[in-house]
2 protein chains.
Amino acid sequence: MDNLQVGRHISGQFNEDLERVINNVMHMGGLVEKQLTDALTAVHDFDEVLAQEVLNNDYQINAYEVSIDDECTRIIAKRQPAAGDLRLIMAIVKTIADLERIGDEAEKIAKVALESFSSQQQDLLVNLENLGRSVVEFLHLTLDAFTRMDLDAAVKIHQMDDKINREYEALMRQLMTYMMEDPRAIPQVMTVIWSARALERIGDRCQNMCEYIIYFVKGKVVRHTTAEAVKKLTS
Amino acid sequence: MDNLQVGRHISGQFNEDLERVINNVMHMGGLVEKQLTDALTAVHDFDEVLAQEVLNNDYQINAYEVSIDDECTRIIAKRQPAAGDLRLIMAIVKTIADLERIGDEAEKIAKVALESFSSQQQDLLVNLENLGRSVVEFLHLTLDAFTRMDLDAAVKIHQMDDKINREYEALMRQLMTYMMEDPRAIPQVMTVIWSARALERIGDRCQNMCEYIIYFVKGKVVRHTTAEAVKKLTS
C-alpha cells in the first residue's frame with residue numbers, strides 16, 4: 001500500500017536541501033553496513049588487517065553524524081519547515097544517532113579479531129555467525145525501508161528484532177554452558193559474549209530506525225506500544 | 001565563569017513554551033534518578049516490592065519522552081526559533097532520549113532483585129554498590145548541570161565517565177575471577193555482570209548529556225573529540 005518515495009513528501013522550497021541530507025544519510029548507512037560486514041568477516045577470518053581498517057574507518061561515520069546533524073539544524077532554522085517536513089528532519093536526526101552507535105558496535109566486534117584465541121577457542125566464534133547474518137540482514141532491510149520511507153516494510157521488519165533476541169538468548173545459553181564446562185576459557189567466551197551483545201544491540205537500533213520511519217509516515221510514536229499495535233498500522 | 005540560567009538564553013515570544021518543556025525535562029530527570037536509586041536499593045535489600053515498583057513506574061518515563069518530544073516538535077513548527085533557541089530544543093530532544101534509556105537500564109537492574117541468589121551469592125551484589133554510587137552521583141550532577149545549563153560543570157563532570165569505566169573494568173576482572181573459581185555460580189555472576197554493564201552504560205549516557213549542554217552553550221559538537229579538547233572549552 002504505502003510505498004512512498006521520500007521525494008513525494010517534501011514541499012517545494014527546500015527540496016534540494018533535504019535531498020542532499022537524505023543522500024548523506026544513505027551514504028552513512030552504506031558505510032555503517034560495510035563496517036558491520038567487514039567486522040564480522042574480520043572475526044570470521046581472523047583478519048587483523050581488515051579489523052584494523054574497520055577501526056580506522058569509524059571516524060568517517062562520526063563525521064557524517066556531526067555534519068548531517070548540523071545540516072538538519074540549519075535547514076530547520078533557514079527553511080522553517082511545516083509539520084510533515086519537520087517530522088522527516090527529526091526522524092533523520094534520530095536515525096543518524098542510531099547509525100553512529102551501530103558503527104561503534106561494529107568497532108567493538110572488529111576488536112575481537114585482534115585478540116588471541118587458541119584454535120579450539122576459535123570454534124567459539126562460529127557461534128556468532130548466524131546471529132551476525134541475521135543482524136546484517138535486519139540492518140540492510142531497515143536502510144532499504146528508510147530509503148523508500150516504506151511504512152509496510154518498516155512495520156514488517158520491526159518484528160525481526162524478536163527473532164534476533166531469540167537467537168541471542170539461545171547463543172547466550174550455549175556460551176554459558178561452555179564457560180561452566182571449561183572455566184579456563186571464560187575470558188575468551190566473555191569476548192564472544194560481548195560481541196553477541198553488540199549484535200543484539202544493533203538489532204535494537206534497527207528497530208528504533210523502523211520506528212522513526214513509522215513516525216515520519218504515520219505521525220505516530222510507536223516506541224512504547226505493543227507489537228500488535230505496530231502491526232495494525234498497515235492493516 | 002559560565003553559569004547561565006536557561007531563562008537567560010531564551011528570547012521573548014516562546015519563553016513560556018520553553019519553560020514548560022524544561023520543567024518537564026527536570027521532572028523526567030528527577031523520576032529517572034529516583035528509578036535508578038530505587039533499583040539499586042531494591043538489589044541491595046533484595047526488596048521485591050520496591051523492584052516491582054520500579055518496573056511498574058517505567059511507563060511514566062516513556063510517557064514523558066513521548067510528550068516532551070512532541071512538544072519540542074510543536075514549538076519548532078509554531079515558533080520557528082532562531083539558532084540558539086533551536087540548539088536548546090535539539091539538545092533537549094537528545095537529552096530525553098538518553099534519559100529514557102537510563103530508565104530502561106534501571107529497569108534491568110531492578111529485575112536482579114527478583115532473581116534467586118543463595119546467601120553466599122548475595123555477597124556478589126555488594127560489588128555493585130560502589131559502581132552504583134558513582135553512577136548515581138554522575139547522573140545527579142549531570143541533571144544539576146542541565147538545570148543551570150552550566151558549561152563549567154558539564155565540562156568537569158564529563159570526565160567522570162573515565163572513573164566509572166575504570167571502576168567497571170576492575171569490577172569485571174573481579175567477577176571473571178569469581179566465575180573461574182566457582183563455575184557453578186556462573187549464571188548468578190552473569191546477572192551481576194549485566195547489572196554492572198547497565199551501570200556503565202548509564203555513565204555513557206550521562207556523558208552524552210554533558211555533551212548536549214556543551215553543544216547548547218558553546219554551539220560546539222564535542223562528541224568525537226578528545227578529553228583535552230573538551231577541557232579547553234572552559235579555559
Side-chain angles (χ1 to χ4, degrees), chain A residues 58-67 69-70 72-87 89-91 93-94 97-98 100-101 103-104 172-173 175-187 189-190 193-194 197 201 204 208 215 219-225, chain B residues 58-67 69-70 72-87 89-91 93-94 97-98 100-101 103-104 172-173 175-187 189-190 193-194 197 201 204 208 215 219-225:
Chain A
D58 186 57
Y59 83 95
Q60 292 181 35
I61 294 175
N62 299 343
Y64 264 118
E65 189 204 8
V66 173
S67 82
D69 208 68
D70 197 48
C72 286
T73 314
R74 271 192 299 113
I75 291 178
I76 296 175
K78 208 168 70 184
R79 304 294 186 194
Q80 306 177 337
D85 297 328
L86 182 56
R87 227 165 44 226
I89 298 176
M90 297 310 265
V93 167
K94 291 179 184 198
D98 279 296
E100 191 272 330
R101 306 300 161 94
D104 290 345
M172 208 51 62
R173 276 192 298 275
L175 293 169
M176 299 258 277
T177 311
Y178 276 136
M179 287 202 282
M180 292 169 90
E181 281 169 0
D182 182 7
R184 285 162 313 166
I186 286 176
V189 179
M190 283 305 295
I193 285 183
W194 295 131
R197 185 72 160 191
R201 294 249 161 209
D204 290 345
N208 293 345
Y215 164 73
K220 264 197 182 141
V221 178
V222 293
R223 180 148 169 61
H224 307 295
T225 53
Chain B
D58 187 55
Y59 83 94
Q60 293 180 36
I61 294 175
N62 299 344
Y64 264 118
E65 191 203 8
V66 173
S67 82
D69 209 65
D70 196 48
C72 285
T73 314
R74 272 191 298 115
I75 291 178
I76 296 176
K78 208 168 73 183
R79 305 293 187 195
Q80 306 178 336
D85 296 330
L86 182 56
R87 225 162 50 223
I89 298 175
M90 298 309 265
V93 167
K94 292 178 183 198
D98 278 297
E100 192 272 329
R101 307 298 161 96
D104 289 345
M172 208 51 64
R173 277 193 297 275
L175 293 169
M176 300 258 276
T177 312
Y178 276 136
M179 287 201 284
M180 293 169 90
E181 282 170 0
D182 182 8
R184 285 162 312 165
I186 286 177
V189 179
M190 284 304 295
I193 284 183
W194 295 132
R197 185 71 161 191
R201 293 250 160 206
D204 289 345
N208 292 346
Y215 164 73
K220 264 196 182 146
V221 177
V222 293
R223 181 149 168 61
H224 307 294
T225 53

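This one's a predicted model, so the numbers in the text were calculated from it and none came from an experiment. The chains referred to below are lettered A, B, ... by the order of the sequence lines, with proteins before strands, and numbering in each begins at 1.
One finds the CD1 atom of B:I61 at 8.0 Å from the CG atom of B:D104 (value rounded to the nearest 0.5 Å).
Proximity to chain B (any heavy atom under 4.5 Å) is restricted, for A:M90, to the side chain, taken from C-beta onward. Interface residue B:M190: only side-chain heavy atoms are found under 4.5 Å from chain A. At a 4.5 Å heavy-atom cutoff, A:D204 makes no contact with chain B through either its backbone or its side chain. Only the side chain of B:R201 comes within less than 4.5 Å of a heavy atom in chain A; its backbone stays farther off. If you measure heavy-atom distances from B:E181 to chain A, you find no contacts under 4.5 Å at all. Using a 4.5 Å cut-off between heavy atoms, A:D69 touches chain B through its side chain atoms alone. In this structure, chain A has no heavy atom under 4.5 Å from any part of B:A82. Neither the backbone nor the side chain of A:R74 comes within less than 4.5 Å of any heavy atom of chain B. Neither the backbone nor the side chain of B:D58 comes within contact range of chain A, judged by heavy atoms closer than 4.5 Å.
Residues B:D85 and B:I75 form no side-chain contact, since every pair of their non-hydrogen atoms from C-beta on lies 4.5 Å or further apart.
Scanning all heavy atoms of the two residues, the minimum distance from A:V189 to A:L175 falls at CG1-O, 3.6 Å. Contact detail for A:P187 and B:M180: the closest heavy-atom pair is CD-CE, 3.9 Å. Summarising the geometry of B:C72 relative to B:I89, their closest heavy-atom pair is CB-CG2, 3.6 Å, with the distance given to 0.1 Å.
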**OP:** Would you check, one step at a time, whether the test side-chain contact (heavy atoms from CB on, under 4.5 Å) holds for B:I76 with A:I76?
**Re:** CA-CA 8 Å; B:I76 296 176; A:I76 296 175; 3.4 Å; yes
Subject >> Evaluation steps, side-chain contact (heavy atoms from CB on, under 4.5 Å), between B:M179 and B:I193 >> reply: CA-CA 11 Å; B:M179 287 201 284; B:I193 284 183; 3.7 Å; yes
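Ranked by non-hydrogen atom pairs under 4.5 Å with chain B, the options A:R184, A:M172, A:K94 are led by A:K94.
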